[in-house]
Structures are given as C-alpha cells and as structure tokens.
**Student:** 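Dropping a structure here in structure tokens format, bear with me for questions.
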Amino acid sequence: MSEVTIGTVVGKYVETRAEIKRLEDELEAKLAPLKEFQRNREEWLRTHLAANGMKNAKTQYGTVYLATKESVTMGDWDAFFNWVQEGDRYEYLTHAVNKTAVLEDMGAERENPPPPGVNYTALQIVQVRKGKG
C-alpha cells in the first residue's frame with residue numbers, strides 16, 4: 001500500500017474533476033437532441049392551443065396549458081432611478097449591497113471593517129488548479 005501524500009491526493013482530485021467534466025459534456029451531448037425535440041413539441045403545442053383559442057387541454061397523458069413566464073431586468077439605471085425619485089416610488093428598490101465596493105473599501109487585507117449594518121463573512125475553502133505537466 002502506497003503512502004498518501006498531498007501530491008497523490010491533488011493528482012487524483014484533478015483526474016476525477018476531468019472525468020466528471022467529460023461525463024457531464026457527454027451527457028449534455030446526449031441530451032441536446034432530446035431537449036430540441038421537447039422545444040419543438042412545446043412550440044407545436046403552444047401554436048395549437050393559440051390557434052384553437054384554448055388555454056389548456058386535458059389528455060390521457062396529462063394536461064397542457066399556457067403559462068406566462070415574466071422577466072424584469074434593469075435597462076437604464078439613471079432613467080429608472082430618476083423615475084423612482086420623482087414619484088417617491090422607493091418601494092421599487094430592493095435592499096442590497098454592492099459586494100465589490102464593500103470589499104474594495106475594506107482593503108486588500110480587509111484591514112477596514114465593513115460599513116455599518118453590513119455583515120462580512122470569509123470562509124476558507126480548498127480549490128485545486130491543474131498543473132502544467
């Protein structure tokens with residue numbers, strides 16, 4: 001039985017990580033055509049329901065129905081913030097902190113405390129970078 005060393009553990013870690021990536025890529029390649037079939041089926045069903053003025057349809061296999069997926073993203077911060085201020089619409093804002101700005105203010109060695117009311121936590125984790133050889 002060979003001795004366990006940091007080198008052997010790192011080597012096996014890198015090897016296993018590469019195998020996981022290979023298997024994930026292989027699985028994704030196998031799933032791609034199935035996902036495409038499903039997208040085509042969803043489009044066919046959506047078109048069929050819309051063309052027939054239906055919101056849903058029950059079958060022996062399940063029920064298909066139309067749902068709305070919504071997304072709200074920031075397009076123009078200045079325009080939005082002006083609108084918020086002009087109408088006193090502060091309920092449109094969320095309570096968040098800019099992590100990058102806080103960390104920069106704390107300094108590279110984190111010699112400064114975070115601003116009042118901001119929690120800061122640092123955890124040490126293990127990461128492995130593959131060698132050049």
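Excluded from the calculations below are hydrogen atoms, water molecules and symmetry mates; all remaining heavy atoms, backbone and side chain alike, are included. Computed from a predicted model, the values in this text were never measured in an experiment.
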**Student:** Do Val126 and Tyr13 come close enough that some side-chain heavy atom pair is under 4.5 Å?
**Tutor:** no

**Student:** Do Asp105 and Val102 make a side-chain contact, defined as non-hydrogen atoms from C-beta onward lying under 4.5 Å apart?
**Tutor:** no

**Student:** Taking side chain as C-beta onward, heavy atoms only, is Phe80 less than 4.5 Å from Leu93?
**Tutor:**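 Yes, close enough: below the 4.5 Å cut-off.
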
**Student:** If hydrophobic clusters are built by linking Ile, Leu, Val, Met, Phe, Trp and Tyr wherever their side-chain heavy atoms come under 4.5 Å apart, do Leu23 and Leu31 end up in the same one?
**Tutor:**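 No; tracing contacts between hydrophobic side chains, which count when under 4.5 Å, never links both residues.
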
**Student:** When you group the ILVMFWY residues by side-chain heavy-atom contacts below 4.5 Å and let the links chain together, are Val4 and Ile6 in the same group?
**Tutor:**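 Cluster IDs for Ile6 and Val4 differ.
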
**Student:** Do Val64 and Asn56 have side-chain heavy atoms sitting under 4.5 Å apart?
**Tutor:**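 They are not in contact (no side-chain heavy atoms under 4.5 Å apart), so the answer is no.
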
**Student:** Taking the side chain as C-beta and beyond, is there a heavy-atom pair between Glu36 and Leu34 under 4.5 Å?
**Tutor:**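 Of all side-chain heavy-atom pairs linking Leu34 with Glu36, none is under 4.5 Å.
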
**Student:** With rounding to the nearest 0.5 Å, note down the distance linking CZ in Phe37 to CZ in Arg41.
**Tutor:**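 The distance works out to 6.5 Å.
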
**Student:** So, using ring-ring contact (aromatic ring centres under 6.0 Å, His included) as the criterion, who are the partners of Tyr65 when residues are at least two apart?
**Tutor:**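 Checked Tyr65 against ring-ring contact (aromatic ring centres under 6.0 Å, His included); zero matches.
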
**Student:** Determine, using the 4.5 Å side-chain heavy-atom cutoff (strictly less than), whether Trp77 and Val84 are members of one ILVMFWY cluster.
**Tutor:** yes

**Student:** Could Lys21 and Glu24 be called an ion pair, given the rule that one side-chain N must be under 4.0 Å from one carboxylate O?
**Tutor:**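 Glu24 and Lys21: not salt-bridged.
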
**Student:** Following the transitive rule for hydrophobic clusters with a side-chain heavy-atom cut-off under 4.5 Å over Ile, Leu, Val, Met, Phe, Trp and Tyr, establish whether Val14 and Val9 coincide in one cluster.
**Tutor:**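 They do not share one cluster, since no chain of ILVMFWY contacts under 4.5 Å joins Val14 to Val9.
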
**Student:** Compare all side-chain heavy atoms of Arg46 with those of Leu66 and state whether any distance is below 4.5 angstrom.
**Tutor:**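 In contact.
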
**Student:** Among residues at least two apart in sequence or on other chains, which ones pass salt bridge (Lys or Arg N to Asp or Glu O under 4.0 Å) with Glu28?
**Tutor:** Lys35

**Student:** I want to check something: taking the side chain as every heavy atom from C-beta on, are Met106 and Pro113 in contact at a cut-off of under 4.5 Å?
**Tutor:**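 When only atoms from C-beta onward are counted, Pro113 and Met106 do not touch, as no gap falls below 4.5 Å.
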
**Student:** Salt bridge or not for Glu42 and Arg39, using N-O below 4.0 Å?
**Tutor:** no

